[in-house]
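Worth saying up front: this structure is predicted, and the values here are computed from it rather than measured. Letters A, B, ... mirror the listed sequences (proteins, then strands); counts begin at 1. Both backbone and side-chain heavy atoms feed into the values below; hydrogens, waters and symmetry mates do not.
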Amino acid sequence: MINVVLKDGAMRQVPANSTGYELAELISRRLAKEAVATRINGELMDLRTILKDGDAVELVTASDPEALEVLRHSAAHLMAHAVVRLFPGTRLGIGPSIKDGFYYDFAVAEPFKPEDLPRIEEEMKRLAGEKIPLHRHEISREESLAFFASKGEDFKVELIRDLPPDETITYYDQGEFLDLCAGPHLLETGQIKVFKLLSIAGAYWRGDEKRPMLQRIYGTAFFKQSDLDAHLHRIEEAKKRDHRKLGRELDLFSMQDEAPGFPFYHPKGMILRNQLEEFWRKEHRKAGYQEIRTPIILNRVLWERSGHWDHYRENMYFTKIDELDYAVKPMNCPGSMLVYRNTMHSYKEFPLRYCELGLVHRHELSGALHGMARVRAFTQDDSHIFITPEQIEDEVGRVIALVDKFYKVFKMSYRVELSTRPEGAMGDIAVWNVAEEALENVLKHREIDYRLNPGDGAFYGPKIDFHIEDSIGRSWQCATIQLDFQMPEKFDLTYIGEDGQRHRPVVIHRVLYGAMERFIAMLIEHYAGAFPLWLAPVQAVILPITDRAREYGQELQAQLEEAGIRTELDTRNEKIGFKIREAQMQKIPYMLVIGDKEVEQGLVAVRTREGGDQGTMDPKEFFARLKAQVENKE
RNA sequence: GCCGAUGUAGCUCAGUGGUAGAGCAGCUGAUUCGUAAUCAGCAGGUCAGGGGUUCAAGUCCCCUCAUCGGCUCCA
């Protein structure tokens, strides 16, 4: 007999060589049925793993979030098993469990067709019905290489080669299907009951466009049918929030075949954008920024100097003026540098904060374009802050606080990443290390949770990125703070220090919204088109019930516009229910229904987007309420 | 850019080789109505663009363009 420690701290005696599953059986039949995996000394393992004396053992059941990962990982294997059966000669890539599901990458002679998915699902169901047990095996590096090489599984061979030398190599079998895998897995395929294959996509081997393209199948799996149904329902609901759909329905913007990736703002989209910009200007004045504007087209020589010519050329657009080469700016920084260099500067001016709503153009891959979220022309709410090296931490901290202030106004949550030196970066590695350390320090001192994103920095410096998720969980970089020692060097920027000598400033590049276009996309999805009053393109609509209320409606509209409320008057010859329905679908915050009673009494019947009929109110009182709400950005 | 899918009226979609359709939106008229769709009529199309096969192409083939999903989650 051996002793193991359970989750609640209790000691439990079990026969030697017991597995987690056997332990579960000892505790209760129900637990044995519900157990998915064991956590042994903190590590997630198979239920078949043999327990050792003194192990801390926790039985992981379906209610544990990690259980889903195990299930989905096993579901990926089940899918691969089915694919290999249906499409002999298929070679395997990788098949992990991911957020909301799983995928598996396959090298196949012919790409999968949508009709293949139901066939594969059928085969998976058949294999699940066979309740095939999964077994883990350890294998030596040589054996595993020889084995997978003999089967022509060159992707697996590459994976094994890349494993650290001391790594234990394991594979799993389920019937005739073998796969290199670290596990853990379920006991047998019959435990995979609720799953669905969702989509097919091409995916480069290891995400590298120079490597072969594999065929990826995405799917998802759950323990309960109701969970899968809920998940599919959520996906449907999320599609309704898609900014591309709402942008059209609410008439905010459009994309045209004549200008792929270059958005067209419609009047209502423009109101939204102008509100964001107005708020931005006000906050920037308060925070000590000075607004500038620099040209969109600048001479090639400038871009050679800034390093963009060498590091960013593929993403730039070019033109000729009087036989000279010019480039359309992909970034605002060089322009800002020229403004700085135009006059002498003293340390007393620092931090010197220029800000600019700068329209930039970047050639993005055609396949990467995505509504307003990834476009080829966008306005960055940019800023270039000139500081002394000593001011770095303090000023980066101020910018982080400003980012947070902005995102709180919209009640948007974000994830922070620290992106470090990319390949082919400009400048000295030692300088990079200093810059990366400085950013890391700020994050640590402010106790901000962040994820490291190695190699994803700008070519001139490391950055702190703020990511926002869209309606279907895709993550988009919005705000970013970048530290730059390179541009000041390239542009020979100086300031006069306390000692009367010339010194080199440090530059912080930063955006808060990121790009107006992308931020608007995120806002639309965040609010599902139902903007708070201060942003709503139409804030109130007056709905006369009959023509008799028309004149009163016009008076009201004049008064509302006078009070600064964006108002429409719907005088169409339609029934009130119809007008309300349309206003509701346009997600207009306030509807003012006026009929004979209101005209007579000089009142308005207020209906809100969220709360329905609110009863009648004095117009003055209503105006005050709206003004207060706009003021508070509620 | 690459892999796959899609492209028919402003929008959502039907139309599997034989005379281009529906609903909504639009326009016109009637209706003057109390909190999410009043009724009737009219108009609306180079079936993304180009080329080909065929007696005949929205439909089959090829090219181009655009859009959508994916190409980050490491056995």
Side-chain angles (χ1 to χ4, degrees), chain A residues 69 73 76-77 80 92-105 108 110-114 116 144 148 153 155-160 162-163 167 169-172 179-183 198-218 239 242 244-245 248-249 251 254-261 314 363-371 417 451 453 456 467 472 474-475 543-550 573-585 591-598 605-609 612-616:
Chain A
E69 287 176 32
H73 192 177
H77 273 232
L92 303 173
I94 58 169
S97 117
I98 53 172
K99 183 176 178 252
D100 294 334
F102 62 86
Y103 69 78
Y104 212 113
D105 286 345
V108 277
E110 288 283 313
F112 295 117
K113 294 183 194 68
D116 293 332
S144 65
F148 285 104
E153 294 282 6
F155 297 110
K156 297 291 181 189
V157 169
E158 183 180 329
L159 290 170
I160 297 166
D162 289 352
L163 287 173
E167 181 92 6
I169 296 173
T170 58
Y171 71 90
Y172 278 76
D179 194 3
L180 177 74
C181 185
L198 297 170
S199 61
I200 306 165
Y204 295 108
W205 172 237
R206 298 190 145 182
D208 183 345
E209 61 191 343
K210 292 178 195 72
R211 310 294 303 268
M213 178 161 275
L214 307 181
Q215 293 297 311
R216 174 173 298 180
I217 301 179
Y218 283 96
K239 281 185 191 159
D242 191 312
R244 293 166 298 186
K245 182 174 155 69
R248 183 173 54 241
E249 287 172 359
D251 200 14
S254 62
M255 293 292 175
Q256 311 282 342
D257 280 4
E258 288 81 353
E314 290 91 72
H363 182 75
E364 298 290 345
L365 293 179
S366 59
L369 300 178
H370 183 88
E417 285 189 8
R451 202 159 86 180
N453 195 359
D456 212 30
H467 294 251
I472 58 170
R474 283 183 286 220
S475 168
L543 309 176
I545 290 171
T546 69
D547 285 345
R548 293 189 296 282
R550 190 179 186 142
N573 182 6
E574 295 291 350
K575 291 170 92 164
I576 193 65
F578 180 84
K579 293 184 183 182
I580 287 172
R581 177 182 155 81
E582 296 229 319
Q584 199 74 43
M585 289 196 305
M591 287 154 261
L592 300 180
V593 177
I594 49 172
D596 293 339
K597 273 188 285 179
E598 286 74 19
V606 177
R607 182 187 168 93
T608 64
R609 182 174 59 191
D613 193 352
Q614 305 289 302
T616 54

- Task: Rounded to the nearest angstrom, tell me the gap between atom CD in A:Glu249 and atom P in B:A25.
- Result: 14 Å
- Are any side-chain N or O atoms of A:Lys579 and backbone N or O atoms of A:Pro544, one a donor and one an acceptor, separated by less than 3.5 Å? yes
- Message: Using a 4.0 Å heavy-atom cut-off, does A:Glu209 contact any base of the nucleic acid, only the sugar-phosphate backbone, or nothing at all?
- Response: nothing
- Message: Just to be sure I understand the rule, does A:Ser475 reach a base, reach only the sugar-phosphate, or reach nothing, if contact means heavy atoms closer than 4.0 Å?
- Response: nothing
- Task: Answer with base, sugar-phosphate or nothing: what part of the nucleic acid does A:Glu574 contact at a heavy-atom distance below 4.0 Å?
- Result: base
What nitrogen or oxygen pairs link the protein and nucleotides 61-70 of chain B at under 3.5 Å?
unit_1, atom_1, unit_2, atom_2, d
B:A66, O2', A:Asp257, OD1, 2.6
B:C68, OP1, A:Arg244, NH1, 3.1
B:C68, O3', A:Arg244, NH1, 3.4
B:G69, OP1, A:Arg244, NH1, 3.2
B:G69, OP1, A:Arg244, NH2, 2.6
B:G69, OP1, A:Arg474, NH2, 3.3
B:G69, OP2, A:Arg244, NH1, 3.0
B:G69, OP2, A:His370, ND1, 3.4
B:G70, OP2, A:Arg474, NH1, 2.4
B:G70, O3', A:Tyr218, OH, 2.9
B:G70, O6, A:Gly367, O, 3.4
B:G70, N2, A:Gly202, O, 3.4
B:G70, N3, A:Gly202, O, 3.3

- When all nucleic acid strands are considered with a 4.0 Å heavy-atom cut-off, which category describes A:Glu167: base, sugar-phosphate, or nothing? base
- Using the C1' atom on both, measure B:A20 against B:U8 and round to a whole Å. 8 Å
- Query: Could you state the CG-C1' distance from A:Asp456 to B:C73, rounded to the nearest angstrom?
  - Reply: 14 Å
- Item | Inter-nucleotide C1' distance (B:U54, B:G70), Å rounded | 38 Å
- Whichever of A:Ile545 and A:Leu214 has the more 5' nearest nucleotide on RNA chain B, that residue is A:Leu214
- N/O donor-acceptor pair under 3.5 Å between A:Thr616 side chain and A:Ala605 backbone: no
- Item | Contacts of type salt bridge (charged side-chain N to carboxylate O under 4.0 Å, His left out), residue A:Arg244, not counting sequence neighbours | A:Asp242
- Message: Nearest to the A:Arg206 side chain among B:A75, B:G34, B:C74, which nucleotide is it?
- Response: B:C74
- Using the test side chain to side chain donor-acceptor pair (under 3.5 Å), find all partners of A:Lys575 that sit at least two apart in sequence or belong to another chain. none
- Can A:Glu158 and A:Arg211 be counted as an ion pair, charged N to O under 4.0 angstrom? yes
- Item | Shortest side-chain distance from A:Pro111, nucleotide among B:A36, B:A75, B:G4 | B:G4
- Query: Tell me: CD1 of A:Ile217 to P of B:C73, nearest whole Å?
  - Reply: 17 Å
- Query: NA contact type, A:Leu365, heavy-atom cut-off 4.0 Å: base, sugar-phosphate, or nothing?
  - Reply: base
- Between A:Leu180 and A:Arg248, who's closer to the 5' end of RNA chain B by nearest nucleotide? A:Arg248
- Task: For B:C33 versus B:U38, give the span between their C1' atoms, rounded off to a whole number of Å.
- Result: 9 Å
- State, yes or no, whether a side-chain contact exists between A:Glu417 and A:His467 at a heavy-atom distance under 4.5 Å. yes
- Item | Atom pair distance, as rounded to whole Å: CD in A:Glu158 and P in B:C74 | 16 Å
- Query: Does A:Glu209 use its side chain to pair, donor to acceptor, with the backbone of A:Tyr204 at less than 3.5 Å?
  - Reply: no
- Nearest listed nucleotide, side chain of A:Tyr103, among B:C73, B:U35, B:A5: B:C73
- Task: Identify the nucleotide, in any strand shown, that forms a Watson-Crick or G-U wobble pair with B:C74, with both distances under 3.5 Å; if there is none, say none.
- Result: none
- Query: Mind checking the C1' distance from B:C62 to B:A9? Whole angstroms is fine.
  - Reply: 28 Å
- Task: Output yes when at least one side-chain N/O atom of A:Arg548 is less than 4.0 Å from OP1 or OP2 of B:C33, else no.
- Result: yes
- CD1 of A:Ile94 to OH of A:Tyr103: how many Å apart, nearest 0.5 Å? 3.5 Å
- Message: With rounding to the closest Å, how many angstrom separate the C1' atoms on B:G45 and B:G15?
- Response: 14 Å
- Rounded to the Å, how far apart are A:His77 NE2 and B:C74 P? 14 Å
- With respect to the phosphate group of B:C71, does any side-chain polar atom (N or O) of A:Arg211 fall under 4.0 Å of OP1 or OP2? no
- Message: Looking at B:U12, which nucleotide sits across from it as a Watson-Crick or G-U wobble partner, both distances under 3.5 angstrom, or is there none?
- Response: B:A22
- Message: Does the structure show a Watson-Crick or G-U wobble partner for B:A40, both distances under 3.5 Å? Name it, or say none.
- Response: B:U28
- Item | Distance (rounded to the nearest 0.5 Å) between A:Asp179 CG and A:Lys156 NZ | 3.5 Å
- Query: Is A:Asn453 touching bases, backbone alone, or none of the nucleic acid, heavy atoms closer than 4.0 Å?
  - Reply: nothing
- Rounded distance in Å - CG (A:Asp208) to P (B:C3): 16 Å
- Taking the side chain of A:Val593 as its heavy atoms from C-beta onward, which of B:U38, B:G34, B:A36 lies nearest to it? B:G34
- Task: To the nearest Å, give me how far apart CH2 (A:Trp205) and C1' (B:C3) are.
- Result: 17 Å
- Rounded P spacing from B:G23 to B:C63 in Å: 38 Å
- Message: What's A:Leu163 touching, base or sugar-phosphate or nothing? Going by heavy atoms closer than 4.0 Å.
- Response: base
- Donor-acceptor pair under 3.5 Å: do we get one between A:Glu598's side chain and the base of B:G34? yes
- Message: Whole angstroms only, please: what is the CG-P distance between A:Asp179 and B:A75?
- Response: 10 Å
- Note on the structure: Regarding the side chain of A:Lys156, the nearest nucleotide among B:C73, B:A75, B:G34 is B:A75
- For atom CD of A:Glu110, is the number of surrounding heavy atoms from other residues, nucleotides or ligands below 6.0 Å larger than 12? no
- Taking atom C1' in both B:C27 and B:A66, what distance in whole Å separates the two? 31 Å
- Which base, if any, makes a Watson-Crick or G-U wobble pair with B:U6, both distances under 3.5 Å? B:A66
- Item | C1' spacing across the pair B:G44 / B:U28, given as an integer number of angstrom | 14 Å
